[in-house]
Structures are given as structure tokens and as C-alpha cells.
Q: 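Quick one: this structure, given as C-alpha cells, is what I'll be asking you about.
Residues: numbered from 1 along the sequence shown.
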Amino acid sequence: SGADAEYGGVGLEILNREGWVTVITSLPGGPALRAGIRAGDRIIEVEGVSAQSWETDQAADELRGRPGTDVSIVIERPGVDEPIPFTLTRAVIELLSVPFATMLDDGIGYIPLQVFSETSGRELRESIETLRGQGMGSLILDLRNNPGGLLDEGIAVADLFLSDGSLILETRGRAAGQTEHFQARTRELAPELPLVILLNENSASASEIVAGALQDHHRAIIMGTRSFGKGSVQTILPLSDGSGLRLTTAKYFTPDDRSIHGIGITPSIKVEGTSALTHPAVE
């Protein structure tokens, strides 16, 4: 599972604010940043069509496309009277697991983790160290809408917050000798840092491993809605005609022996409607 880490886009993080699709950040190295598009710019037109009252998803679909193709947009910039036209050449945008990390009020850090890719553990560690340098005293880790991805990176993320040797996950199959234990192997990054994890019904797989392990070890408070419940391991068996059979061969269990599959992780603090509080779309 997990998102495809490469696609054609213009390198913008966008969010709907007051009825307009608004730029949150231009991604480093992306076409939008090179063209001079800034945070706060409103996208008012795409390919000659008014973007008024567009949802973020619609704008994202229009901005996406084959790398090397052009897309024309018009933006409205605060403090500038006339709208500004841009033509952007789409490029391959590498999706970061951590699109941004920021400080909220009262020393609270906020880090969204969008997918578990090869660099997730490293990106999260660097983001935490950066925010601690800015005086972070507690952290919100947002795993809403994170579909999972690489199991190893789920283990690496949980490992950041647990002391050496702590059990993170057990995968259990039917056959004898199929059980595997995954434990924390590195020193805990910030033992004193209070941690809240946000989950929703689209948080799955590696997201549930992280949330379950940190909940069972009383290391984090889980907030939101019950997660998806994708806690199984598939093995692909090749067949003679070139096709394959995906067979479920093991299931995920949290440190307190809770099965994730079909059940999900139940938050300690239930907050309904958290899906509406999505993080920005990245295009």
C-alpha cells in the first residue's frame, strides 16, 4: 500500500481558505517556487477557467499532469492590485513523507506524516530536532489519511519514541515458526516530549502499527476516530500462467496482543469529524 512517490505536478501545497484555493507552501525545487509563487497567493483561474469555490481536490486534479506539459494559472496576491498570470511546466515532484513541520502556540509542535516511504524515519527525526531547536515542548503527530506504506519505516517511526528493546509489533502466522517480533533498536529521541497522535478512518497499516505501539506503551495519547484496520501481511504466490495469488499469511498484533486487522486502533480521546481537518493537498 502507500502512495506513489512520483507524479507530474507544479510543487504546491494548497488548502481551501475562505472559498479560494490558497497556496500554503511552494515545494523546494518545484516549478511553482522557481516561477515565484508564494504562500498566501490565491489561485483564481486555471487554464482560463475561474477557480472560485473550487475544492482543493479539484484544483489538485487540474494542476496535476504529465511531466513536461504546461498549465496556465492566474493568481491574486495580497497587496497587489492586478491578478498575476503564470505558466508552469509540470515536473516530477517527489512526495516527502513530512511536507512541513510547524510550531503552534504554547510550544506545541505539529508534524503531519502523509505516507511511510524510504525516508520517513529520517524526515521525522530531522523535523523533531528542528522544532526542538525552536523551543517545542510537546508534539502533535498527524497520521490522518496516512494509508501506510513500508513496514520497516513504520517500525523506524515507532522506534523514535520508544526505549531500546521495547516491543513494537508482532506478526503472527498460522504455521509454527512464522511469528516475528519487531523491537525498538535505537535510543529514544525525546523521552520527555509529550506526544499526541491524530488518527482517522483512513489511517491504515503502518499508521496503526505506530499508534498501537505508542498507545500500549503509554507513550502517546491517541485522538480522533477509529482507524481503518489493515493489519495483515500478504504473500504473493506466482502461478504458472504468470498471474499471482495474494494470500494473507500473517496478522499484526500490538505489544498488548491486540489484533489490528478489521478492528483498527481505538483512540483514547474520540473526536468525531476529524476527516474535515485534513492537511493540505500537495500538487
Side-chain angles (χ1 to χ4, degrees), residues 3 13-17 22 24-25 39 56 95-117 119-149 153-163 166 168 184 188-228 254 264-282:
E13 270 175 35
I14 50 179
L15 205 54
N16 191 305
R17 284 201 173 150
T22 305
I24 303 300
T25 321
T56 310
L95 266 186
L96 293 171
S97 313
V98 178
F100 64 94
T102 191
M103 290 286 286
L104 308 175
D105 296 338
D106 302 324
I108 299 168
Y110 171 81
I111 303 177
L113 187 68
Q114 296 189 327
V115 67
F116 287 85
S117 67
T119 56
S120 297
R122 192 183 78 225
E123 284 182 51
L124 187 57
R125 175 185 288 276
E126 287 169 2
S127 298
I128 289 169
E129 284 169 349
T130 300
L131 292 183
R132 284 176 86 192
Q134 294 172 20
M136 173 170 68
S138 56
L139 173 62
I140 297 168
L141 179 62
D142 194 346
L143 298 181
R144 289 171 304 167
N145 301 319
N146 182 325
E153 288 299 314
I155 304 296
V157 165
D159 198 336
L160 291 175
F161 300 102
L162 293 171
S163 54
S166 303
I168 293 171
E188 191 177 347
L189 182 59
E192 76 300 336
L193 192 71
L195 179 65
V196 167
I197 292 178
L198 304 184
L199 286 185
N200 67 6
E201 64 279 6
N202 299 320
S203 308
S205 195
S207 292
E208 297 175 296
I209 289 166
V210 170
L214 299 186
Q215 189 177 47
D216 284 1
H217 286 294
H218 307 291
R219 179 61 189 87
I221 292 170
I222 314 298
M223 281 183 76
T225 49
R226 188 163 65 90
S227 63
F228 184 83
T254 73
I265 301 298
T266 302
S268 327
I269 301 173
K270 289 200 170 91
V271 182
E272 292 303 323
T274 49
S275 301
L277 307 168
T278 50
H279 21 78
V282 181

Q: Please list, chain by chain and in numerical order, all residues satisfying salt bridge (Lys or Arg N to Asp or Glu O under 4.0 Å) with Arg122, sequence neighbours excluded.
A: Glu126
Q: Who passes side chain to side chain donor-acceptor pair (under 3.5 Å) against Arg219, sequence neighbours left out?
A: Glu188
Q: State the CD-CZ distance between Glu201 and Arg144, to the nearest 0.5 angstrom.
A: 10.5 Å
Q: For Asp216, what residues pass the side chain to side chain donor-acceptor pair (under 3.5 Å) criterion, not counting sequence neighbours?
A: Thr254, Arg258
Q: Side chains of Ile197 and Ile222: closer than 4.5 Å at any heavy-atom pair?
A: yes
Q: Please identify each residue that fulfils side chain to side chain donor-acceptor pair (under 3.5 Å) with Ser120, with sequence neighbours left out.
A: Ser97
Q: Kindly give the heavy-atom pair with the smallest separation between Phe100 and Pro112, and that separation in Å.
A: O-CD, 3.1 Å
Q: Under the side-chain contact (heavy atoms from CB on, under 4.5 Å) rule, collect the residues that match up with Leu124, sequence neighbours excluded.
A: Ile111, Ile128, Leu141, Val157, Leu160, Phe161
Q: Leu143 pairs by side-chain contact (heavy atoms from CB on, under 4.5 Å) with which of Leu198, Val210, Asn202?
A: Val210
Q: Ile108 versus Val196: any side-chain heavy-atom pair under 4.5 Å?
A: no
Q: For Thr130, which residues count as a side-chain contact (heavy atoms from CB on, under 4.5 Å) partner, sequence neighbours excluded?
A: Gln134
Q: Locate the shortest heavy-atom distance separating Gly264 from Arg226; write the atom from each residue and the value.
A: N-NH1, 4.3 Å
Q: Please confirm whether the backbone N or O of Asn145 pairs with a side-chain atom of Asn200, one donor and one acceptor, at under 3.5 Å?
A: yes
Q: Examine distances only and state if a side-chain atom of Ser138 and a backbone atom of Pro194 form a donor-acceptor pair shorter than 3.5 Å.
A: no
Q: Can you tell me how far apart CG (Asn146) and CG (Leu199) are? Round to the nearest 0.5 Å.
A: 9.5 Å
Q: With sequence neighbours left out, what residues match Ser166 under side-chain contact (heavy atoms from CB on, under 4.5 Å)?
A: Leu162, Ser163, Ala184, His217
Q: Can you name the closest pair of heavy atoms from Gly148 and Ser205 and give their distance?
A: CA-CB, 4.1 Å
Q: Taking salt bridge (Lys or Arg N to Asp or Glu O under 4.0 Å) as the definition, give me every residue that meets it alongside Arg132, ordered by chain and number, with sequence neighbours left out.
A: Glu192
Q: To check you understand the geometry: which heavy-atom pair defines the closest contact between Ala158 and Ile168, and what is its length?
A: CB-CG2, 3.7 Å
Q: Please say whether more than 12 non-hydrogen atoms of neighbouring residues, nucleotides or ligands are located less than 6.0 Å from CD1 in Ile221.
A: no
Q: Where is the tightest heavy-atom contact between Gly224 and Pro267, given as atom of each residue plus distance?
A: O-CG, 3.3 Å
Q: With rounding to the nearest 0.5 Å, note down the distance linking CD1 in Ile265 to OG1 in Thr225.
A: 12.5 Å
Q: Roughly how far, to the nearest 0.5 Å, is OG of Ser203 from CG of Asp142?
A: 8.0 Å
Q: For Ala204, which residues count as a side-chain contact (heavy atoms from CB on, under 4.5 Å) partner, sequence neighbours excluded?
A: Glu208, Phe228, Lys230
Q: With rounding to the nearest 0.5 Å, note down the distance linking CE in Met136 to CG in Leu193.
A: 5.0 Å
Q: Once you round to the nearest 0.5 Å, how far does CD of Glu153 lie from OG1 of Thr119?
A: 7.0 Å
